[in-house]
Number of protein chains: 2
Amino acid sequence: MFRLSKAAEYAIRGVLHLSFKAEGETCGIDEIAKAQGVPPAYLAKLFQSLARKGFVRSFRGVEGGFILTKRPKDITLLEIIEAMEGRICLNDCLIYAGYCPKDDVCPVHPVWKEAHKRFVDYLKGCTFEEMANASKVKAMRTKEKISA
Amino acid sequence: MFRLSKAAEYAIRGVLHLSFKAEGETCGIDEIAKAQGVPPAYLAKLFQSLARKGFVRSFRGVEGGFILTKRPKDITLLEIIEAMEGRICLNDCLIYAGYCPKDDVCPVHPVWKEAHKRFVDYLKGCTFEEMANASKVKAMRTKEKISA
DNA sequence: TTAAAATAGGATAAAAAAGGTCTTAAATGT
DNA sequence: ACATTTAAGACCTTTTTTATCCTATTTTAA
Ligand code: SF4
Ligand code: SF4
């Protein structure tokens, strides 16, 4: 059932939120959760996981929170998705060669291989910088409209 | 968690199996299930569903079974997948415009839209005829190797 | 009329997804 | 030192989805 999990969706929103912050500026779970409309307790858990995997760094205590460990242009959508869901695998036979006993003769197998490659390549090409900028552009356009 | 369900996987194997049959030749569930290595009772239910949706026609009684209602070249991978899993929807915001309240300003939304389009287009381009032929070619090559 | 074969539908068991709670640990300002 | 703030960790519940199995019923050719 090719659908993004909420976990990944929320993590993406969170990382996107951090992408707008100045470098070094921490941001707490509650702010992110509120701004992005996400259950705080759940998001906290997701960010723990992101921290363990090195995508964000956490600071406890007063003025604590999270920062990105890399610049938005060096973080791809694919990375965050795979951090939350594990490696993308469109069909079981892509787990490893030979997982499905027929994969060497099955005419559907190469189709999944190619679909996987295309899907992953596209997601790999999407950086958070691009997305953050697209968002700024949209916000600016809206402003133009209002002032015009 | 972008993964094909067993239901769809089995249905694909089933339709592929029928693609090798002569037009009008019926084929029972047991034969398909055995040949494709699929639980017969489960496959039976899946084929009922395919029949209701018009992809196959069923014949009861002795010498009964299933035939395709269209020629393999007119059946795409996408159709069978969507018959079993419903419309492909990579992220909830693609269900309909406005489903996610942010979809008009969200910079991730267009990414999913494009990813969906690419994915669906690729799957739509894969017909069972192509796949069946690819399989024949492979079988022939294997024969050549053996006889050589 | 009997045996083969699909139909209809429920039962269900296991797994994954989605979310919450509560306690502990670390940082910081006073 | 201490209170406050905030993340970390561990555990738990509920819901949804997936993948089956099962049994009774209908249909049809021989
Ligand atoms: S597509 Fe072919 S190889 Fe992949 S799981 Fe299905 S049968 Fe096996
Ligand atoms: S990607 Fe953007 S629009 Fe789609 S669900 Fe997430 S937030 Fe909403």
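Letters A, B, ... are given to chains in the order of the sequence lines, protein chains preceding strands, and every chain is numbered from 1.
One can place CE of Met1(A) at 19 Å from P of dA15(C), the figure rounded to the nearest angstrom. Distance, Lys53(B) NZ to dT7(C) P: 14 Å, rounded to whole Å. Rounded to a whole Å, the CG atom of Leu50(B) is 11 Å from the P atom of dT7(C). In this structure, the CE atom of Met84(A) is 16 Å from the P atom of dA16(C), given to the nearest Å. Atom CZ of Phe47(B) and atom C1' of dT20(D) are 17 Å apart (whole Å). The CG-P distance, from Asp30(A) to dA8(D), rounds to 13 Å in whole Å. Here the C1' atom of nucleotide dC22(D) and the CD atom of Gln48(B) are 13 Å apart, to the nearest Å. The nearest whole Å value for the distance from the CG atom in Leu43(A) to the C1' atom in dT21(C) is 17 Å.
If you find the closest nucleotide of DNA chain D to Gly28(A) and to Arg3(A), the one lying nearer the 5' end belongs to Gly28(A). Judged by closest nucleotide on DNA chain C, Arg60(B) is the one of Arg60(B) and Ala41(A) placed further toward the 5' end. Projected onto DNA chain C by closest heavy-atom contact, Val62(B) and Ala7(A) fall at different nucleotides, the more 5' of which corresponds to Val62(B).
For Phe47(A) and Phe66(A), the ring centers are positioned less than 6.0 Å apart. Aromatic rings from Phe119(A) and Phe2(B) are positioned such that their centres are separated by under 6.0 Å.
You'll find that the side chain of Lys6(A) is closest to dA18(C), out of dA6(C), dG9(D), dA18(C).
Note on Arg57(B): nothing from the nucleic acid sits closer than 4.0 angstrom, heavy atoms only. Within 4.0 Å (heavy atoms only), Phe59(B) reaches sugar-phosphate atoms of the nucleic acid but no base atom. When heavy atoms are screened at a 4.0 angstrom cut-off, Ala44(B) is found touching no nucleic acid atom at all. As judged by a 4.0 angstrom heavy-atom cut-off over every strand, Phe66(B) is placed among residues touching the sugar-phosphate backbone only.
With no hydrogens or angles considered, no side-chain donor-acceptor pair links Ser49(A) and Lys45(A) at under 3.5 Å.
Side-chain contact between His17(B) and Arg13(B) is absent, with no heavy-atom pair separated by less than 4.5 Å.
Applying the 4.0 Å criterion to OP1 and OP2 of dT20(D), one finds that Tyr10(B) has a side-chain N or O inside that range. At dA8(D), one or more side-chain N or O atoms of Ser58(A) fall inside 4.0 Å of OP1 or OP2 (strictly under the cut-off).
Judged by distance alone with a 3.5 Å cut-off, no donor-acceptor contact links the side chain of Lys45(A) to the base of dG9(D).
Shortest non-hydrogen contact noted between Leu46(A) and Met84(A) is CD2-CE, 3.3 Å.
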